[in-house]
Amino acid sequence: MQGLDFSVVPPYADILWMGVWWTVVLTVSAAAISFVFGVVFALVVLYAPKTVALPVRAFMWLFMGTPLLLQLFLIYYGLGQLGFKIPALVAGIIGLGLHFAVYNADILRAGIVAVDVGQMEGARSLGFGRFQTLRYFIVPQAVRNTIPAMGNNLIVLLKESSLVSIIGIAELVHAAQLAISETFRPFEFYITVAALYYILNLVLEAGLRRVEQNVEVSR
Amino acid sequence: MTAERPMVEVKGARKAYGELQVLKGIDLSVARGQIVAIIGPSGSGKSTLLRSINHLETLNGGEVWLDGVQVNQALRGQAFERHINAVRQQMGMVFQHFNLFPHLTVIENVTMGPIILKGMAKVAARELAVELLSKVGLAEKVDAYPSRLSGGQKQRVAIARALAMQPKVMLFDEATSALDPELVDEVNAVMKQLAAEHMTMLIVTHEMRFAGEVADRVLFMDGGVVVEQGAPSEIFREPKQERTRTFLKKYLAA
């Protein structure tokens, strides 16, 4: 049995930092997509005419009912075969973003429905239109009320971003694999990367807690 | 000179929820500057009548007019949406449960309408809001969130919010029913002040004393019809209808 020796890690610090960087880029971009499309999907499912709402719901079920890994393969290799060659990073961001948009949409839909009907009446009675009421009053409240649940999704998203290593994006896990292929030291690098993920999530959680506290002020 | 057209006019208003007829043909005319109190037992249709004036309830029959413009016009889709939004900007509505926007501060609650709907400059809207909030006695609460306010304070913010749109008429739907008794007076005082400024008002209320003090005319509704209407002194001192007498007796005994 070989002893553990973490001194093999520091020479690969640059690669690992790049991995952290790409993991953050992936997570932030995919999170933005998952939020924006989450809002859009939720509104479409709730308020759009059936001809639009039903296809979107079907799409949501498909994304919820199939593995993320498969979705990434389909977007990257599948679309590539059809002639839509998307850079791996873009494919990864779209795949992760849409996958989590579906979960966010479901949370937001419940959050929108839970906003008191009096809010709609209060805004409409002032002369705000339907869409304006959603935009200025209903959705902001629904978002505030669902921050804890969507925050949990964000933490899962950060971890699941490791899956895109498989389509060749040099994020953290991919960086570790590179280092391992040269050093044959999987344990040291995987532990290091695990620690890095953990630290990233600690930072993320601290950020989420701050946002939640700011929102609490208005309750 | 032609006779002045009424500020609010309701003609033959009918409303049913399935089998249940809530409004069975209501006629109502409110002159500019007039204050009408609508009283009656729960389920008499008085709130439904008030809510159908600004189309929060859709009538099954009859017409509602505001200052010469029909509110429930036979328009469809986006055309009706534009029409009703424009009409509602001219009617202030105050709800039993305030319906303030909890994610906005007091002053934001008041300025949103003028800024977004009327395109008022932020500075001007803020000035207007501060003026109105001072008027309702809440100048020191401008930056508070609604959750920090008492029920009476919330309702006064709601009144200021409605006034910020400079409405032609104010509709009060049991504005003090959800308040602790000791907070009722501060809201009533604001409404009296509006009355003194000749704001046209329709007030659905359970408070007979307040209705008597502030209204030019009292309407007694029961079972979806206007049973009786007249000056407060007539309705409260010498009601002509038996139903009115029974209702008032029960109410004043309680």
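Chain letters run A, B, ... following the sequence lines, proteins first, then strands; residues in each count from 1. Side chains are part of it too, since the values below use all heavy atoms of this structure and drop only hydrogens, waters and symmetry mates. Quantities reported herein were computed from a predicted structural model and do not represent experimental measurements.
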### Query
Are B/P102 and A/R144 close enough that some pair of their side-chain heavy atoms sits under 4.5 Å apart?
no
### Task
Quick one: sort the B/H103 and A/F137 rings into parallel, tilted or perpendicular, breaks at 30° and 60°.
perpendicular
### Query
Checking side chain to side chain contact (heavy atoms under 4.5 Å, CB included) against A/E121, which of B/R51, B/M93, B/H97 comes through?
B/R51
#### Entry: B/R161 side chain reached by A/L126 side chain, heavy atoms, under 4.5 Å
yes
### Query
Which answer fits B/L100, side chain, backbone, both or neither, if we ask what part of it has an atom under 4.5 Å from a heavy atom of chain A?
backbone
#### Entry: Least distance between heavy atoms, B/L117 atom then A/Q132 atom
CD2-OE1, 3.6 Å
### Query
For chain B, which residues from residues 47-81 of chain A lie under 4.5 Å away (heavy-atom distances)?
none
### Message
A side-chain contact here means heavy atoms from C-beta on lying under 4.5 Å apart; do A/R124 and B/N85 qualify?
### Response
yes
### Query
Within a radius of less than 6.0 Å around CD of B/Q78, do more than 12 heavy atoms belonging to other residues, nucleotides or ligands occur?
no
### Message
What part of B/F95 gets within 4.5 angstrom of chain A, counting heavy atoms only: side chain, backbone, both, or neither?
### Response
side chain
### Query
Closest approach of A/S125 and B/N54, non-hydrogen atoms and distance?
CB-ND2, 3.7 Å
### Message
Less than 4.5 Å to any heavy atom of chain A: does that hold for the side chain of B/M165, its backbone, both, or neither?
### Response
side chain
